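Data block below; observations after.
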Amino acid sequence: MSDTSKLQTPNSKLNLAERDKKVIWHPYTQMKNALPHIPIVRGEGVYIFDEDGKKYIDAVSSWWVNIHGHAHPYIAQKVAEQLNVLEHVIFAGFTHEPAVLLAERLLPVLPGKQEKVFYTDNGSTAVEVALKMCLQYWDNKGKPKTRILAFKNAYHGDTFGAMSVSGRSIFTDAFNSLLFDVDFIDLPDAENISDLISQISNLTSTACFIFEPLILGSGGMLMYEAKYLDELIAACRKAGILIIADEVMTGFGRTGTYFACEKLNHKPDIICLSKGLTGGTMPLGITTCTDEIFDAFLSEDKLKTLYHGHSFTANPIACVASLASLDILLQEETLANIKRIEAKHALFLEEIKAHARVKAVRQTGTIIAIEWETGNETSYLSNLRNLLYKFFLDKGIVLRPLGNIIYILPPYVISDTDLNYIYGAIKQALEEI
Ligand SMILES: *Cc1c(COP(=O)(O)O)cnc(C)c1O
């Protein structure tokens, strides 16, 4: 018999943060000197509440996933209904209404002519599938190509393939020797665009170009113009290179349009989606493609099959959450909110951009980034991030600076009052930190 005393309820003398410290290893966290993790007991709209009842504005949409606010009653109702009908079923050999309906409704609103949906369960795996689709596409066609083109400061996820096509950084440092070789290019601008185009025209063994359209998120909210991306895509097409748009962060209204690629004339062959897909309710990933890609896998030859799948592929509850989120996204009110945030952000940046502590400001749609002037003091720089993080938390605002870059990426339901409160706190930080 096992010792049932080990199954007893947790040590009631410890609070949740202390219990957490004993058993949990948190993501992107140096556990040696991490601040206690704040126990969140409830979410409502843009707010999350800790166990002492303190309220925080979730100004980063809980790592960019939440678009309609926390515990949205409509999404909650749809998820609850589905839980009583079918929670999950194997997706090879079987299918279900939520997965089919989500594909039917999503494909027509995606930019270009996306015709098939492949389900996974997060952004990194959506990227893995996109890369595999491209590499095997060329192999299946009998014209193997194995090189991949990407941006220097890109971020596409944390699994090995996704890490390989991401910029080399402290995130990848421990693994660099094991990552596959990728051709990295600078972000395009007026100066380097012709150079980049001529570089691309010389590529002969490149299977695909993967990019985050208009804005490199984790790389520091680095923004670049649609017209130069369009030129890069055109050059890739000429060189027979497939196009993967990683819209994991930019999808579902973030950049002011439903998808960032709507701002391009040349549309991608493949689109990766996750984060906002379920409204931030559950994990789900989607890789969509054109029939041109899909058809290259149709064969009597078993080896031409895409051998990829995850246990929770196309989870019905996640699909239902996505359908509910899509309903809300497509309401006029949501688009009006996106436009409202966009306009308010622009005014705020105008107001602070000349401040001595501001090195640069950037905006794409509902996202703004403010780069702090750090001078040459590296010690100040390494401290700054933690100082800023703590400063805003104390004020009841969740902002997670990327080094010296503060960004706001809010749920679309954020009120003008809350936006003004965040702007006010940033202005105060500019004076005090
Ligand atoms: C977050 C992100 C990913 C990875 O998604 P996960 O769900 O965290 O694995 C991939 N691409 C982009 C652009 C992202 O922002």
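In each ligand, atom 1 is the first atom listed, and ligand 1 is the first ligand listed. Only a predicted model underlies this, so the values are computations on that prediction, with no experimental measurement involved.
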Which of the ligand 1 atoms, numbered from 1, are nearer than 4.0 Å to a heavy atom of His156: 10 (C), 11 (N)
Under 3.5 Å: N/O of Ser124 near N/O of ligand 1: yes
Test: Lys55 cationic atom under 6.0 Å from Phe49 six-membered ring centre, within 45° of axis: no
Check ion pair Glu115-Lys113 (N to O, under 4.0 angstrom): yes
Atoms in ligand 1 with a heavy atom of Met249 nearer than 4.0 Å: 15 (O)
Ring center gap for His70 and Tyr47 short of 6.0 angstrom: no
Thr250 versus Glu247, side-chain donor and acceptor atoms under 3.5 Å: yes
Nitrogen or oxygen atoms of Gly123 and ligand 1 under 3.5 Å apart: yes
Donor-acceptor side-chain pairing of Ser61 and Arg254 below 3.5 angstrom: yes
Exercise check, heavy-atom protein proximity under 4.0 Å to atom 6 (P) of ligand 1: yes
Any N or O of Asp246 closer than 3.5 Å to N or O of ligand 1: yes
Ligand 1 contacted by Trp64 (non-hydrogen, < 4.0 Å): yes
Proximal ligand 1 atoms for Gly157, defined as those under 4.0 Å from one of its heavy atoms: 4 (C), 10 (C)
Part of Glu212 with heavy atoms under 4.0 Å of ligand 1, whether side chain, backbone, both or neither: side chain
NZ/NE/NH1/NH2 to OD/OE distance under 4.0 Å, Glu292 and Lys141: yes
Sub-4.0 Å heavy-atom approach of Lys275 to ligand 1: yes
Enclosure of Lys339 NZ (heavy-atom neighbours >12, cutoff 6.0 Å): yes
